[in-house]
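Note that this is a predicted model, so its numbers are computed, not measured. All chains are named by letter (A, B, ...) in the order of the sequence lines, taking the proteins before the strands, and each is independently numbered beginning at 1.
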Amino acid sequence: MEWLTSFFGQYGGLLAQGTWDTIVMVVLSTLFAYIIGIPIGVLVTITAPNGLKPRRITYMVLGWIVNIGRSIPFIILLVALIPFTRWIVGTSLGVRGAVVPLVVSAAPFVARMVEQSLAEVDPGLIEAAQSFGASTWQIIYKVFLKESLPSLIRGASITFITLFGYSAMAGTVGAGGLGDIAIRYGYQRYQTDVMVVSVILCIILVQVIQTIGDRLARRIDKRQ
Amino acid sequence: MIEIQHLYKIYGNSADAHEAVSDLSLTIEDGDIFGIIGSSGAGKSTLVRCINLLEQPTSGRILIDGEDITGFKGKQLLDLRASIGMIFQNFSLFQQRTVLQNVTFPLELRREMNREAREKRAMELLELVDIADKAKRYPSQLSGGQQQRVAIARALVNGPKIMLCDEATSALDTRTTASILELLKRLNSELRVTMVVITHSLAVAKKICNRIAVLSDGKIVEEGETLEVFNNPQSQATKSLIAYDNLETAGE
């Protein structure tokens with residue numbers, strides 16, 4: 001008990017700041033990754049050979065971009081993007097500096113997740129919507145996105161947790177956050193207690209996010 | 001009136017082309033319940049999808065009330081589809097929408113009514129098909145027959161003069177089939193909506209169609225008054241459909 005008081009007296013502020021930094025970093029990058037990833041995922045679905053508006057070239061080029069984005073290891077992307085990050089947000093350090101590489105690496109991942117969710121929509125529903133005179137745009141937002149919403153939300157919690165893992169790596173280039181604390185104190189200074197507590201905080205955060213995602217998906221899903 | 005003239009629908013390229021519909025001509029009069037029957041792969045689905053241009057015909061003409069629709073594009077195409085109702089074998093209801101929201105869907109697309117007017121109109125249709133009490137439910141909470149009733153309400157909400165029924169009772173049991181067919185018959189006479197009914201089942205055709213065409217390999221092999229065709233079948237395709245139907249009935 002005494003140990004706890006003295007431990008949090010000494011490191012409480014640091015860990016609270018780290019938790020907050022991690023949350024901000026991951027929430028922002030998930031958000032931006034979806035802003036970029038949803039249109040790409042939709043476009044890939046629509047332009048596919050058996051899609052609503054088959055466009056061979058667009059489909060192939062988008063597929064390449066997404067695959068290239070997904071195949072570069074995050075740690076390499078992180079360093080390689082430093083000039084780009086500076087140009088976009090003015091710095092390559094801190095939470096702001098970490099968001100850019102996180103978004104760049106997550107957007108292609110999100111695009112594939114979205115594509116996967118949309119593929120689960122019954123083609124019969126697309127045909128039915130067409131038979132009532134729905135335009136392509138109406139089919140996208142009234143059928144594809146609406147019908148796959150529970151699946152999209154499940155995908156979002158997976159993305160969030162994946163980015164959570166990446167954000168620890170971003171710590172190595174001075175991004176801050178819980179991962180950064182675990183590495184700096186635990187790995188570099190042999191302060192096992194700080195490392196263990198930051199890892200426990202990570203575990204709690206992941207559990208909370210997964211639970212919220214699952215509950216939300218289940219609540220809005222009207223299929224039995 | 002729907003006039004189909006020398007219609008072709010060819011899939012694939014010239015090397016291995018498949019004629020799903022081949023030089024097909026057919027006239028469907030206003031107020032008909034017109035059956036298009038044939039075994040699977042005969043081209044029934046393709047043919048009916050040419051009428052609302054879900055399938056683009058390769059060549060030939062389709063006239064609806066004298067106007068050739070085959071060249072329709074853009075808004076004209078969407079308006080044409082909106083003016084023709086359609087129901088499907090697996091109902092194709094939107095799972096994340098309530099029954100009421102399913103029926104308002106075609107109205108939402110047109111943006112001509114506000115929400116209140118759309119819901120009022122949808123409720124009228126739900127009452128017409130006797131399922132108004134389920135308006136707030138979701139499709140997954142309904143039986144197959146109830147779902148098809150909702151789909152029928154949705155298909156009629158724009159007040160179409162033509163309704164296409166694609167194997168509408170194939171996923172239903174015998175009793176539910178009978179009640180859905182009863183409903184279609186009643187709607188045909190109350191609303192004067194012309195129905196094009198695709199089915200592989202002679203029993204369905206006998207029960208509601210006043211005229212039928214028998215399709216085989218994308219061609220019409222026989223056409224006429226329903227009873228006439230059944231009592232005096234001319235083609236091999238019709239005869240084998242009847243033989244198969246007798247076999248099925250005997251097994252029940």
Side-chain angles (χ1 to χ4, degrees), chain A residues 38 41-42 45-56 113-114 116-156 213-224, chain B residues 45 48-49 51-55 72 74-99 101-112 136-142 147 150-151 154-158 160 162-167 171:
Chain A
I38 287 181
V42 168
T45 304
I46 301 297
T47 57
N50 56 354
L52 277 176
K53 298 263 175 214
R55 296 278 184 280
R56 227 168 65 93
M113 299 278 279
V114 170
Q116 191 63 44
S117 292
L118 300 190
E120 289 165 20
V121 176
D122 175 7
L125 299 184
I126 309 301
E127 190 183 43
Q130 281 181 304
S131 82
F132 303 124
S135 64
T136 304
W137 178 239
Q138 284 171 327
I139 290 174
I140 290 170
Y141 75 93
K142 281 180 179 291
V143 184
F144 269 127
L145 294 179
K146 171 123 181 140
E147 290 293 312
S148 64
L149 195 57
S151 169
L152 288 172
I153 286 176
R154 287 193 188 93
D214 286 347
R215 290 237 174 115
L216 196 62
R218 221 177 307 138
R219 172 171 299 182
I220 64 161
D221 196 350
K222 305 304 181 190
R223 292 169 297 185
Q224 273 171 345
Chain B
S45 283
V48 82
R49 278 165 176 71
I51 297 176
N52 59 0
L53 296 180
L54 283 178
E55 293 281 359
F72 279 15
K75 187 174 184 320
Q76 210 178 13
L77 171 64
L78 300 184
D79 286 344
L80 168 83
R81 286 180 182 161
S83 73
I84 299 175
M86 189 163 186
I87 58 173
F88 305 87
Q89 178 169 1
N90 295 311
F91 324 127
S92 294
L93 295 179
F94 303 113
Q95 300 294 306
Q96 307 296 348
R97 289 170 163 259
T98 63
V99 163
Q101 289 166 342
N102 263 281
V103 182
T104 55
F105 181 87
L107 300 173
E108 280 173 37
L109 302 176
R110 312 249 62 81
R111 300 197 187 92
E112 282 158 7
K136 296 273 182 282
R137 298 294 184 89
Y138 286 89
S140 64
Q141 299 168 308
L142 304 185
Q147 290 194 49
V150 176
R154 183 177 64 175
L156 292 173
V157 77
N158 272 327
I162 299 168
M163 180 154 133
L164 310 175
C165 310
D166 184 10
E167 296 280 7

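- Counting heavy atoms of neighbouring residues, nucleotides and ligands inside a 6.0 Å radius, atom CZ of A/Arg215 does not exceed 12 of them.
- For the set B/Gln89, B/Gln141, B/Arg97, B/Lys75, the entry with the most heavy-atom pairs within less than 4.5 Å of chain A is B/Arg97.
- In terms of non-hydrogen atom pairs under 4.5 Å with chain B, the most contact-rich of A/Leu149, A/Asp122, A/Val121, A/Val143 is A/Val143.
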side-chain contact (heavy atoms from CB on, under 4.5 Å) for A/Glu147 and B/Phe94? Distances and angles first, verdict last. CA-CA 7 Å; A/Glu147 290 293 312; B/Phe94 303 113; 3.1 Å; yes
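- Counting heavy-atom pairs under 4.5 Å between each of B/Glu108, B/Arg110, B/Gln95 and chain A puts B/Gln95 at the top.
- Ranked by heavy-atom pairs shorter than 4.5 Å toward chain A, the options B/Gly85, B/Ser140, B/Gly74 are led by B/Ser140.
- Here A/Ser131 contributes atom OG and B/Arg154 contributes atom CZ; the two are 7.0 Å apart, rounded to the nearest 0.5 Å.
- Nearest heavy-atom pair, B/Leu93 versus A/Leu125, reported as atom, atom and distance to 0.1 Å: O-CD2, 3.2 Å.
- Using a 4.5 Å heavy-atom cutoff, the side chains of A/Arg223 and B/Tyr138 are not in contact.
- B/Arg49 has a carboxylate O that lies under 4.0 Å from a charged side-chain N of A/Glu127, or vice versa, which qualifies the two as a salt bridge.
- When all heavy atoms are compared, the tightest approach of B/Ser92 to A/Gly124 is OG-O, 3.4 Å.
- Within the 4.5 angstrom heavy-atom criterion, only backbone atoms of B/Ile84 (N, CA, C, O) approach chain A.
- Of the N and O atoms on the side chains of A/Gln130 and B/Asn52, not one donor lies less than 3.5 Å from an acceptor on the other residue.
- Contacts between B/Leu53 and chain A at a heavy-atom distance below 4.5 Å are absent for every atom of the residue.
- In this structure, the portion of B/Phe88 lying under 4.5 Å from any heavy atom of chain A is its side chain and not its backbone.
- Note: A/Lys146 NZ to B/Phe105 CZ = 10.5 Å, rounded to the nearest 0.5 Å.
- Only the side chain of B/Arg111 comes within less than 4.5 Å of a heavy atom of chain A; its backbone N, CA, C and O stay farther away.
- When every heavy atom of B/Ala155 is checked against every heavy atom of A/Phe132, the shortest pair comes out as CA-CE2, 4.1 Å.
- A donor-acceptor distance shorter than 3.5 angstrom exists from the side chain of B/Gln96 to the backbone of A/Lys222, with no hydrogens or angles considered.
- With a 6.0 Å radius and a threshold of 12 heavy atoms from other residues, nucleotides or ligands, A/Gln116 has its CD atom at or below the threshold.
- When all heavy atoms of A/Ala129 and B/Leu109 are compared, the pair lying nearest together is O-CD1, 4.4 Å.
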